[in-house]
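Read through the structure below, which is laid out as structure tokens, and then see the notes.
Naming convention: chains lettered A, B, ... in sequence-line order (proteins, then strands); numbering from 1 in each chain.
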2 protein chains.
Amino acid sequence: MSTAKSEKSAPVTRQTRQRAAIVRGLSAAGGFRSAQALHGELRARGDGIGLATVYRVLQRLAEEGVVDRVRAAGGETAYRLCGADGHHHHLTCRMCGLAVDVTGSGVEAWAAATAREHGFAEADHTVEITGLCPRCAGR
Amino acid sequence: MSTAKSEKSAPVTRQTRQRAAIVRGLSAAGGFRSAQALHGELRARGDGIGLATVYRVLQRLAEEGVVDRVRAAGGETAYRLCGADGHHHHLTCRMCGLAVDVTGSGVEAWAAATAREHGFAEADHTVEITGLCPRCAGR
DNA sequence: ACTCTTCATGGGAATGATTCTCACTTAGGT
DNA sequence: ACCTAAGTGAGAATCATTCCCATGAAGAGT
């Protein structure tokens, strides 16, 4: 039976026009965009693309670590190109949506230690700080 | 015209059978429950109550600080009676849903400092640690 | 205790985001 | 150029949550 394929096949991830458009779109946006918003912007720009595809690609990009995912208040999920710099958290303005990346060496350690302390394995964590950015706070 | 009412009316929050049932239900549950799940449990128990009411009451309880809110993976929102002990975070098992309260003096400070550092005001934060609880990890 | 005003309730429709289905297209290896 | 598995897209299907609005009841005043 099996010749060289052995057990698992490589997850190839093809380079398609749509996938490229989505990454370009996110790049141009520069910040968070919901799947629906991104879809609208791409269409407006003339890139023919289906909503289902936007969801699919965005989800995969998230799995691949190419984009960040945050759950917005209205139940929507928003995505943003992640600067390939691995793990970090967000400081978001609850008024205008401005988001700043922050890293917290201490938090990482605390989260890991807390999990271990309670016997939890494969710990992961999310941290979101919200507040009013300088501009919004000043008004 | 206006006599003694002056400007703002007191936010009365009436004590209703339904509201009581919801709090009792959450109390009996002991952990997180989605609005839908709670509604199902209450109905099964014989407490006649509408889904819309469950959502409404749960939302208000959250505003009042009586319950915790976490956004589950499937886009659902889950609620849990909060022991009136103010601020804390959660360590959740991503397999069985077991949730443990944890407090992190260090995290609080870090979050506040980070926000201040970037000029953000009125900072708030959420921290969720997920992993596999001892039992699930052991299987 | 009786009444009146206002807030709460609930059933079902409406909304909105996300996922599914499935026939058709295409990237990439040979 | 050819084959085949992966990707795509339109619309239907799902699902959680909110809206609408007539009816019910809590609590203040008398």
With A/Thr53 via side-chain hydrogen bond (donor to acceptor under 3.5 Å, both in side chains) - residues at least two apart: A/Arg56

B/Phe32 side chain reached by B/Asp68 side chain, heavy atoms, under 4.5 Å: yes

Please write out the pairs of protein N or O atoms and N or O atoms of nucleotides 23-26 of chain C separated by less than 3.5 Å, giving the distance to one decimal.
none

Rounded interatomic separation in angstrom, taking CG from A/Leu51 and P from D/dG11: 12 Å

Side-chain N,O (B/Arg60) to OP1/OP2 (C/dA8) below 4.0 Å: yes

Sugar-phosphate, base or nothing in reach of B/Thr16, heavy atoms under 4.0 Å: sugar-phosphate

Touch class at under 4.0 angstrom, heavy-atom based, for A/Thr77 against every strand present: sugar-phosphate

Contacts of type ring-ring contact (aromatic ring centres under 6.0 Å, His included), residue B/His39, not counting sequence neighbours: none

Write down the protein N/O and nucleotide N/O pairs, taken from nucleotides 12-16 of chain C, whose separation is under 3.5 Å; answer none if there are no such pairs.
none

Check: B/Arg56 side chain, C/dG10 base, donor-acceptor under 3.5 Å: yes

Inter-axis angle, terminal five-pair segments of the helix from C/dA1-D/dT30 to C/dT30-D/dA1 [nearest 10°]: 40°

Those residues that, when tested against B/Ser34, pass side-chain hydrogen bond (donor to acceptor under 3.5 Å, both in side chains) (two or more places apart): B/Glu76

